[in-house]
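Structure, as structure tokens:
Each ligand, and each atom within it, is numbered from 1 in the order the structure gives.
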Amino acid sequence: MSRPSSLRSEPAGAGGEPTGSVTPLTQYVLKLVSRCDLACDHCYVYEHPDQSWRRQPRMMAPATVAAVAGRIAEHAAAHRLDAVRVVLHGGEPLLAGAARLDATAAALRGAIDPVARLDLRMQSNGVLLTPAVCDVLLAHDIKVGISLDGDRAANDRHRRHANGASSHRQVLRALSLLRSPAYRAAYAGILCTVDVANDPIRVYEALLAEEPPHIDFLLPHANWDNPPARPDGRATPYADWLLAVHRRWLADGRPVPIRLLESLLSTASGHGSHSEAVGLGPADLVVVETDGTFEQVDSLKSAFDGAAATGLDVFRHRVDDAAAHPGIAVRQTGLAGLCPTCRACPVVRHCGGGLYAHRHRAGNGFDNPSVYCPDLLKLVRVVTAAPPVDEPVPPADSLSPRVLDDLAAGAGTAGSAEQLAAIHLALVRALLVTLGDRVDGDPVAAAGWRLLVDLDDAHPEAVRTVLTHPFVRRWARRCRDGAADLSYLACVAAAAAVHARIRADLPVPVRDGRVSLPTLGAIARHAERGVVRLATDDGDVRVGGRRFNPDTDPAREDDPDGWLPVRTVRVDGHRLLLEDTDPHRDCYDIPVEPRLTGAAAVGWVRQLERAVRRVDAEAPDYAAGVRTLLRAVVPLRPDRTGRYRSAAAGAAFGAVAVTAVPDDATLAVLLVHEVQHLKLSATLDVCDLFDRDDTRTLTVPWRDDPRPVEGALHGVYAHLAVADMWRRRPGPVAEGHFRRYRAWTDGAIDALLGLGALTPDGDRFVRRMRAAVDGWQ
Ligand code: SF4
Ligand code: SF4
């Protein structure tokens, strides 16, 4: 583990005094039983790399219980603790039986209660919970948490007996006992492990039906060597899952405390977290195995064999010795104990780097962000920005029904478009945090990452300007997938430094004979590849002894070391880039034009100015989306058939690509058409409008080949806008276009509604489109 050696200290041994310098431990997990009557396939005790349970006695002996109780009482007295929490755990603690449980609780209470208040708990799968056991729980004031992953289908996904039989009915029987008035006092809550294959709302409803005093959601144990499943390559499935629960939970008025969400809300209001999964609070917890050995937090068993071991035990060592163990002590150092990426992270005070076990990577131990970093970033940003219960959920990662309705009507307001832009920015940030973790070993990328993190604090607007550039997202996605160059991160940071007008100096990569600065342009170099130093100062850029001002210096196409600025289209305060330089712009089916000559570029700029003005004049409602979302236009090469072509890509949100067209009216329609695709792509980033597992296709009026649901939905949404544009134009030609596009939209709406593949949100969305089209009559 790459930790400062000063954290290491030798155990004091049984005869030593309490060290006095350790942070006292207040929470103890006692492995009463080391075996289990279930065989859950996501269990970190039995199914993960650490197999130390095989070497443990099946049950904690009474002498060991007495020794543990004595050590805890000794520690509580030495540190004058008011209270300690002891959790009886396993394996399955109920395998000990009611009598053993009774004796264990009596021993613990007998030793600890005279010194400190004992909060005695148990975590169980519930299978063996009986009225006799519940009587013991009540007699010793033991509160029990039950593990349940949702409804029958969700719970059966993992929580089964060794013979494959379901445990669901037995668990529900246990919960009905705990709900009964006689035993309600012993009911602590439900622990649920998230599986993104389960429907979040059904899981939430199934848990809520058991009337638990608390719900705990756990992310499945994973680390960088065994990363969590991310179905369909989605970046943040766990955040999306938990945010679906979060939305419903807020809408329900927070009927039950959900520890993870309550913890984030608590950190947002300046208080501590109630969960070791998030926040910077010390993890003052130690585990005692059935043989009396002290271990670090249990979830480390998911990292590697022996990960939780300390070499200490209750017979020879005090709790102080365990508290001084480096693996336990480091988890009490808050911010200082985190990796550089987390320390620089803007949400670290809420996130805290996630659960310790989830940071592990072979080679550098726990000195990493959580493997759930993108999910945590997204979850933290949304939950900590949540307004009071009776207000709508904020827009950063979700769309309210009101906004969905607004967008479905066709144009959508500027406010709705701004919400889509906010979603795009949040996704880019999440991607970058993932990349930031990979910069070790790439000095160019590492320098860029450090600069970007600093700028994000000091000049967030400059960083925002660059991160919202359409092709930064495309590069980041390709880079995440191993298809693009990580060192381009330095170019992203350098561009942000220019916008911030600060002084910076860093290495940047040369690719294909250029240093590219997204949003600004490129500097031509003689070399095809390599690294050069780039300095910025007060908005200027200096490379290889040449100085450029991106705002004022003209293009020097004939200069082999010249400045190739991106050309800008300005229309009444709206700034749009004519993007013929960015190296990541080639994301369309049609090839992009290479760098335009000066004269050609002037022609494009002038025509784009006129086309945007034309949208303003003809369709001010669609102009809101164009002005809010459109940041770049990419010239495409002419189509061989002579048709005018246009394209948009979800991976390059904010950019539209078009072939040269002869008139402004056509260009205006193409811009509106493609901005519709951008709006729908961003909507689909956060809303499931159709069942993604449904692979059926449908026939649409504008294509000969059958289309998947997503393609049909995109086509309808774009054609609705095109019909609406032509509807507003005078003359028989316009009327003919209007009738054709309206008929296409009409037919495909019917096909979509008839297929049965839409979600309730999707059905509502398409019916709103239907209402808009019918309104034209
Ligand atoms: S009930 Fe708990 S200890 Fe038993 S197999 Fe399942 S997850 Fe593991
Ligand atoms: S970098 Fe990731 S894991 Fe670390 S604090 Fe930020 S969101 Fe959490």
Got a donor-acceptor contact below 3.5 angstrom from the [X] side chain to the [Y] backbone?
X	Y	answer
E92	N125	yes
T384	V380	yes
N368	R359	yes
D485	Y488	no

By number and element, which atoms of ligand 1 are closer than 4.0 Å to a non-hydrogen atom of [X]?
X	result
C36	1 (S), 3 (S), 4 (Fe), 5 (S)
L38	5 (S)
C43	3 (S), 5 (S), 7 (S), 8 (Fe)
N125	1 (S)

Can a non-hydrogen atom of H42 be found less than 4.0 Å from any atom of ligand 1? no

Looking only at heavy atoms of S147, does any of them come nearer than 4.0 Å to an atom of ligand 1? no

Show, in sequence, the C-alpha distance, side-chain angles and deciding distance for R121 and D119, and conclude whether the salt bridge (charged side-chain N to carboxylate O under 4.0 Å, His left out) test is met. CA-CA 7 Å; R121 297 187 173 242; D119 175 12; 3.0 Å; yes

Does CZ belonging to R464 count more than 12 external heavy atoms closer than 6.0 Å? no

Of the backbone and side-chain N, O or S atoms of C40, does one lie nearer to atom 6 (Fe) of ligand 1 than 2.8 Å? yes

Once the angle between the rings of F217 and W241 is folded into 0 to 90°, is it parallel (under 30°), tilted (30 to 60°) or perpendicular (over 60°)? perpendicular

H358 and S370: side-chain donor and acceptor closer than 3.5 Å? no

Just one of L191, L175, T193, V203 clears the side chain to side chain contact (heavy atoms under 4.5 Å, CB included) bar with L148, so which one? L175

For atom 6 (Fe) of ligand 2, count the protein N, O or S atoms found under 2.8 Å away. 1

Atom OG1 of T465 and atom NE2 of H459: how far apart are they, to the nearest 0.5 Å? 12.5 Å

To which of H89, R159, E92 does the heavy atom nearest atom 2 (Fe) of ligand 1 belong? R159

